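Just below is one structure, and these are the notes that go with it.
Letters A, B, ... mirror the listed sequences (proteins, then strands); counts begin at 1. Computed from a predicted model, the values in this text were never measured in an experiment.
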Protein chains: 2
Amino acid sequence: MGLAKTDLFTNQQNRVAELAKAFAHPARVAILQLLADRKACVCGDLVDELPLAQATVSQHLKELKRIGIIKGDIDPPRVCYCINEPVWDEARQLFGQVLDTFMVGQGCC
Amino acid sequence: MGLAKTDLFTNQQNRVAELAKAFAHPARVAILQLLADRKACVCGDLVDELPLAQATVSQHLKELKRIGIIKGDIDPPRVCYCINEPVWDEARQLFGQVLDTFMVGQGCC
DNA sequence: TTACTCTATCGTAATATTGCGATGTATTAA
DNA sequence: TTAATACATCGCAATATTACGATAGAGTAA
């Protein structure tokens, strides 16, 4: 079963996996792109841009917030969603670390 | 339900999501790191390195192969698993594209 | 106050993922 | 031939994810 034996892997591996989850669904990629482009920092706009129900978008936002890659500051009557810069940078660094361990052009097979 | 409305998103978004899935589980991160380090190109070695049953490792390898980020060439009595260089490079480019759309230091909130 | 807007959360259903034992298949070794 | 090895696949169970309608809560506008 989908047991997350998180203690069986390194902290780096677990964190990479968690950050990768943020990008592992096209809707979340779309959300992150919209926020990164800074054209829409408000959830209402996001719902308009996405082919998903409001409840579904809210759920994705919640998951992205749990991972930490976005943050939502309350500014009634809206919630301003933004990229969380430190975590975004962490993702860039970690993905870079993993992807750069392999240098293209040196296959063994 | 987990419907993958793949036609509702751009090709780029769908591909990013698929490639991210390759990294969205610590065991797969570990597998990819082992292959990228090139110290183990054979499934038997991989099973020894991972805290998972042989069937489970094989399943992860199958999924990684489906995504395309690794390839398995038969070399009886073993199967040689390796990073698939073009796709690895594609992942690097796509993640870079997405992650670089946001420049740290310009938050709106 | 009431009505309206915006977003979160609940409840539910469908599907996907993860994990492993058991079994199958192919090759090698004896 | 039989036995052993290496890996894939099957079948099942447990859990996670995705999606959405309905509802709740908080604020604004009238």
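In this structure, A:His25 places its NE2 atom 10 Å from P of C:dT17, rounding to the nearest Å. If you take CG of A:Asp73 and P of D:dA26, they are 19 Å apart, rounded to a whole angstrom. Per the geometry, CG belonging to B:Leu64 stands 13 Å off C1' belonging to C:dT17, to the nearest Å. Rounded to whole Å, the distance from CZ on A:Arg66 to P on D:dT18 is 11 Å. What separates CD of B:Glu49 from P of D:dC7 is a distance of 13 Å, to the nearest Å. Distance, A:Lys21 NZ to C:dA16 P: 17 Å, rounded to whole Å.
Checked against side chain to side chain contact (heavy atoms under 4.5 Å, CB included), B:Ala24 has the following partners two or more places apart in sequence or in another chain: A:Ala20, A:Lys21, A:Ala24. Residues satisfying the side chain to side chain donor-acceptor pair (under 3.5 Å) test with A:Gln33, not counting sequence neighbours, are B:Gln12, B:Gln13. Residues passing the side chain to side chain donor-acceptor pair (under 3.5 Å) test with B:Gln59: none are found, sequence neighbours excluded. Checked against side chain to side chain donor-acceptor pair (under 3.5 Å), B:Glu90 has the following partners two or more places apart in sequence or in another chain: B:Arg15.
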Report the secondary structure of DNA chain D in dot-bracket form, marking unpaired bases with a dot and bases paired to a different strand with |, and treating Watson-Crick or G-U pairs with both distances under 3.5 Å as paired. ||||||||||||||||||||||||||||||
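Using a 4.5 Å heavy-atom cutoff, the side chains of A:Phe9 and A:Val16 are not in contact.
The phosphate of D:dT17 (OP1 or OP2) has no side-chain N or O of A:His60 nearer than 4.0 angstrom.
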Donor-acceptor pairs under 3.5 Å, side chain of residues 62-69 of chain B to any protein atom, not counting sequence neighbours: which ones?
from: B:Glu63; atom 1: OE1; to: B:Arg66; atom 2: NE; distance (Å): 3.2
from: B:Glu63; atom 1: OE2; to: B:Arg66; atom 2: NH2; distance (Å): 3.0
from: B:Arg66; atom 1: NH1; to: B:Glu18; atom 2: OE2; distance (Å): 3.2
from: B:Arg66; atom 1: NH2; to: B:Glu18; atom 2: OE2; distance (Å): 3.3

All N/O pairs under 3.5 Å across the protein-nucleotides 7-9 of chain C interface:
from: C:dT7; atom 1: OP1; to: A:Gly44; atom 2: N; distance (Å): 3.3
from: C:dT7; atom 1: OP2; to: A:Gly44; atom 2: N; distance (Å): 2.8
from: C:dA8; atom 1: OP1; to: A:Tyr81; atom 2: OH; distance (Å): 2.4
from: C:dA8; atom 1: OP2; to: A:Ser58; atom 2: OG; distance (Å): 2.7
from: C:dA8; atom 1: N7; to: A:Gln54; atom 2: NE2; distance (Å): 2.9
from: C:dA8; atom 1: N6; to: A:Gln54; atom 2: OE1; distance (Å): 3.0

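The CG atom of A:Leu52 sits 12.0 Å away from atom OG of A:Ser58, with the distance rounded to the nearest 0.5 Å.
Using bins of under 30°, 30° to 60° and over 60° for the plane-to-plane angle, the ring pair B:Trp88/A:Phe102 lands in the perpendicular bin. Ring geometry, A:His60 versus A:His25: the interplanar angle falls from 30° to 60°, so the pair is classed tilted.
Comparing atom distances between the B:Arg28 side chain and each of C:dT18, C:dG21, D:dA19 picks out C:dT18 as nearest.
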